[in-house]
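Below is one structure, written out as structure tokens; comments come after it.
None of these values were measured; they are calculated from a predicted model. We number each residue from 1, following the sequence as shown.
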Amino acid sequence: MSERQARPYDSVARKWHALAERRRAHVVELRESGRWQYYYTWDQLLEALREAANTRDTWARIAGLAEGDAQA
């Protein structure tokens with residue numbers, strides 16, 4: 001297969017991907033520290049984790065990165 005060609009807005013998509021990754025890391029840190037209880041119910045926390053992971057994966061796809069790739 002041929003390698004994906006760079007697109008004009010890949011750098012912008014990578015910046016959004018980095019922001020989405022920071023958001024996901026923040027929600028994970030809330031869960032691990034127990035501080036989530038001040039802001040979320042358990043169901044809301046799970047939804048926030050899913051949304052953060054899906055957003056990160058979407059931006060990774062747009063930027064041409066592998067899904068789950070944390071490097072920006």
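The two residues Asp10 and Ile62 come nearest to each other via the heavy atoms OD1-O, 4.1 Å. Closest of all the heavy-atom pairs between Ala20 and Trp59 is CB-CD1, 4.3 Å. Residues Leu45 and Tyr40 approach most closely at N-CB, 3.8 Å, considering heavy atoms.
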Residue pair Glu51, Asn54: steps toward the side-chain contact (heavy atoms from CB on, under 4.5 Å) verdict:
CA-CA 5 Å; Glu51 181 181 339; Asn54 288 339; 5.8 Å; no
Under the criterion side-chain contact (heavy atoms from CB on, under 4.5 Å), I'd like the reasoning laid out for His17 against Leu65: C-alpha separation, chi angles, the key distance, then a yes or no.
CA-CA 9 Å; His17 173 260; Leu65 303 171; 3.6 Å; yes
Glu29 vs Arg35, side-chain contact (heavy atoms from CB on, under 4.5 Å): CA-CA, chis, key distance, verdict:
CA-CA 8 Å; Glu29 193 276 326; Arg35 291 184 301 128; 2.3 Å; yes
Could you go through the side-chain contact (heavy atoms from CB on, under 4.5 Å) check for Leu30 and His26 one step at a time?
CA-CA 6 Å; Leu30 282 177; His26 173 71; 3.6 Å; yes
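The backbone N or O of Thr41 lies less than 3.5 Å from a partner atom in the side chain of Gln44, making a donor-acceptor pair.
For the atom pair Leu19 CG and Arg14 CZ, the distance stands at 15.5 Å (nearest 0.5 Å). Taking OG from Ser11 and CH2 from Trp16, the interatomic distance works out to 13.0 Å, rounded to the nearest 0.5 Å. The distance from atom CD of Glu21 to atom CZ of Arg56, rounded to the nearest 0.5 Å, is 5.0 Å.
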